[in-house]
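For reference, the structure is listed below as structure tokens.
In this chain, numbering begins with 1 at the start of the sequence shown.
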Amino acid sequence: MSSWTLRSAVLAGLAGLPMLALHAQQDSAAVELPDMVVSESRLPIPANAVTSAVTVLSGDDLRQRGLSLVQDALREVPSAAVVQPGSYGAVTSLFVRGGESDYVKVLVDGVPVNEPGGAFDFSSLTLDDVERIEIVRGPASVTYGSDAVTGVVRIVTKQGRGAVRGSGAVEGGTFGSLLGRADAGGTTGRLAWSLGGSSSTTTGSYDFNSDFRNSAGTGRLVWRPDGRSDVSLTARYGWKTFHFPTDGAGVPSDSNQFSHGRSLALGLDGGRQLSSVVELRGAAAVARSRSFFDDMPDGAWDSTGFAYASTSESGSTRWNLDGRAILRPTLRSMISAGAQFERQLVNAAASYTSNFGDGTSTVSDPPFDASRNDVAAYLEARAEPVTGLILTAGGRLDHDEAFGDYATWRAGARVALPRGFALRGAAGTGFKAPTFAENFANSPFEVGNRDLDPERSRSWEVGLEHDLADGRLRTALTWYDQRFRNLIQYLSAPPGEPTYQNLGAALARGIEASATARICTALSVGASWSWLETRVTDAGPSSSLGFSQGDRLLRRPANLVRFWGSASPLARLHLDADVLYTGSRDDVDFGSVPSVRVTLPSYAILNAAVGFALLGGAARTPEVTLTARGENLLNSDYEVIAGFPGRGRTVMAGVRVGW
């Protein structure tokens, strides 16, 4: 019997045991509200009526536990592997259900913030003013287009509600870290507003040149001129400076290389309820990013070799327009039909100074400036033909200047069963457009291919959920299977010929099991386990160590396990703790000559947080809470990526004030 069959059989037998595993929408940071909606589709769907795996995290709860970055919250989501090499500020990738790191769409208040081609760096994305984070696992290209192949991370910022309220916090700790943040919000007549911001600095975990400074500001305005209309404007601006001493193999060797980054996301969304049946909505968004890299000589002695000094600058812009009509022909059915337009622009410039003993020369890359447009139409529907049976379906057609026409589809069902059980299932396709380099690069060693097709996926999942005692005990079990094809690979080619081709194929399949129990009002516990199998099924002519026939995909852990507990043993005292276990994963060690493929060992880290309320927030009295959080408290020694050690024990302490 195969390991896959054995695991499936064992878990099928255990699925009905209430304490097996945590519900896919529940963990210590999850919110379960009757009117909560999620991002499975563009239709508003209650959290207990989705057909795919969705996790909803509360921003207030995450901040209460001392978390400041979105990446820290995502580590708690089943089948989500967060990978950050080296110190704070290093490029941080998210692998969901074994897909590539550019297979997850990221939106901030509906604004797509991925780089064109799907990449997104989570290293500086803060939790400032965040109301909730919705994470959909599974293909969502019907709703969100390119990049939503294995998941969607949708960040929703706060809306002001009622009287003006706010909070602020200051923390300091290990590695010379210092963090300050504040937010406020409220309503004035028909206008709701919220503002938030933070600034942090750290010297980093390396002995030299690992400083990281990160700041962000957010704002949101919501205007409701009457009971049938709404308009919202959102903005987020971030800036960071990241110093890093390591080379590509993780060896600390440079005392002054660094990068700057700037990002801006603006969104405008509005709607009008024309009748009880018809609602019209429209949205416009722009996301811009700019990055600068500088590596000048460390000293007079550092002036030999290829590109011993270099600078580069790059930027991208994504413009989005969306319009749709939402129809509610009956109380139990909804249809959304719409169209989208997106324009993507990328530009870059770089220069390199080299010395091979025959004199110094500086060479600049040809200026890179390219753009492409995408137009799409989509249709999504949801119906409840009989009580307890929910059906969803959708289709989308994209016309992209990069690859022409491409269609995607998705369908799902959910049925309520006796004794608190629910069975759900979903299947669909996803796609990811080529990067701009894969389409348009033009250098001696890299030439783009304008005839590339998008990378494609076909996926299915089946889930069984159990709810007892009005949510005090929840369990869930999910099987999923994904097949990826048309993967774009780099190949050597004659001068002037394209170096990128659609050649690869791979699979990723796994199991998610989880459980949560609310023992009493003062104590909750839970656990989750994700098992993953990945394999390259068609490497084509690729000679890459990272993409070899029959091997596992890189940096995807075979197992992810989390145990957590949350307790309030005293009225003013709150405790949180969790253990995160990351299983073995394959990688390439570039520090060896020649480079070799390696398997990194598993590791576990212990985190804990405590809050003690000095003042309880009575009338006209602010809430004052002393806070402390420790990460990797047992100081586990591990490597996130080959050659890049994980951070050691980290402790932060401070005070939080609310009014």
Side-chain angles (χ1 to χ4, degrees), residues 69 71-72 74-77 79-96 98-101 119 121-124 174-175 177 202-212 242-254 257 259 508 529-534 536 544-548 551-562 578-607 630-651:
L69 296 172
Q71 62 166 297
D72 297 323
L74 296 177
R75 298 177 196 276
E76 304 174 358
V77 177
S79 295
V82 178
V83 177
Q84 182 181 40
S87 188
Y88 299 95
V91 173
T92 305
S93 303
L94 175 66
F95 299 88
V96 172
E100 296 288 348
S101 60
D121 177 12
F122 285 90
S123 65
S124 60
T174 316
F175 306 121
S177 299
T202 177
T203 57
S205 57
Y206 290 99
D207 292 334
F208 64 97
N209 195 38
S210 64
D211 294 0
F212 178 53
F242 170 49
H243 293 253
F244 56 104
T246 53
D247 60 16
V251 179
S253 57
D254 200 302
Q257 65 181 346
S259 64
W529 171 56
S530 306
W531 172 77
L532 173 68
E533 178 189 9
T534 63
V536 176
S544 169
L545 286 173
F547 197 79
S548 305
D551 284 341
R552 294 194 295 182
L553 297 175
L554 297 184
R555 298 174 184 173
R556 280 75 152 182
N559 292 278
L560 291 170
V561 180
R562 181 180 182 233
D578 65 0
V579 175
L580 299 174
Y581 171 87
T582 301
S584 65
R585 56 249 176 259
D586 290 357
D587 205 346
V588 174
D589 183 359
F590 294 102
S592 300
V593 182
S595 300
V596 296
R597 190 180 178 99
V598 296
T599 298
L600 299 179
S602 59
Y603 64 92
I605 59 175
L606 170 64
N607 306 317
E631 298 179 356
N632 192 12
L633 288 173
L634 300 182
N635 205 29
S636 298
D637 186 13
Y638 63 96
E639 285 186 322
V640 179
I641 294 176
F644 291 87
R647 287 192 293 272
R649 183 184 296 110
T650 303
V651 177

Any donor-acceptor pair under 3.5 Å linking the side chain of D589 with the backbone of V598?
no

Rounded to the nearest 0.5 Å, what's the gap from CG on L553 to CZ on F547? Could you check?
6.5 Å

What residues form a side chain to side chain donor-acceptor pair (under 3.5 Å) with S205, not counting sequence neighbours?
S87

If you compare all heavy atoms of F175 against all heavy atoms of T203, which two are closest, and at what distance to 0.1 Å?
O-OG1, 2.7 Å

Looking at P85 and A90, what are the two nearest heavy atoms and their distance?
O-CB, 2.7 Å

Heavy-atom pair with the smallest gap, counting every atom of Q71 and V82
O-CG2, 3.8 Å

Stepwise side-chain contact (heavy atoms from CB on, under 4.5 Å) test for V83 and S101:
CA-CA 9 Å; V83 177; S101 60; over 6 Å; no

Going through the checks in order, is the side-chain contact (heavy atoms from CB on, under 4.5 Å) test met by L633 and N607?
CA-CA 6 Å; L633 288 173; N607 306 317; over 6 Å; no

Atom pair OG (S595) and CG (L545), whose distance is rounded to the nearest 0.5 Å:
6.5 Å

How long is the straight-line distance from CZ of F95 back to OG of S79, given to the nearest 0.5 Å?
14.0 Å

Any side-chain heavy-atom pair from V640 and R647 closer than 4.5 angstrom?
no

Looking at T92, L69, D121, which hits side-chain contact (heavy atoms from CB on, under 4.5 Å) with Q84?
T92

Any heavy-atom pair between the side chains of Y638 and I605 that's under 4.5 Å?
yes

Is the distance between the ring centroids of Y88 and F212 under 6.0 Å?
no

Would you name the heavy atoms of P645 and Y206 that are closest together and state the gap between them?
CD-OH, 4.0 Å

Let me confirm one number: the CG-CG distance from D247 to D254, rounded to the nearest 0.5 Å.
9.0 Å

Determine yes or no for a side-chain-to-main-chain donor-acceptor pair under 3.5 angstrom, with T650 supplying the side chain and G648 the backbone.
yes

So CD1 of I641 and CZ of R585: to nearest 0.5 Å the spacing works out to 9.5 Å

Provide the closest heavy-atom pair for T582 versus P557 in the form atom of the first, atom of the second, distance.
CG2-CG, 3.7 Å

Apply side chain to side chain donor-acceptor pair (under 3.5 Å) to D586 and T599, showing your working.
CA-CA 4 Å; D586 290 357; T599 298; 3.1 Å; yes

Which residue in the set N635, V579, L580, N632 passes side-chain contact (heavy atoms from CB on, under 4.5 Å) when paired with L606?
V579

Shortest non-hydrogen separation from A642 to L600 and the atoms involved
N-CD1, 3.8 Å

Value rounded to 0.5 Å, distance of CZ in F244 from CG in D211
13.0 Å

Can L94 and V96 be said to form a side-chain contact (heavy atoms from CB on, under 4.5 Å), step by step?
CA-CA 6 Å; L94 175 66; V96 172; 3.8 Å; yes

E639 side chain to P601 main-chain N or O, any donor-acceptor pair under 3.5 Å?
no

Regarding R556 and E100, does a basic nitrogen lie under 4.0 Å from an acidic carboxylate oxygen?
yes

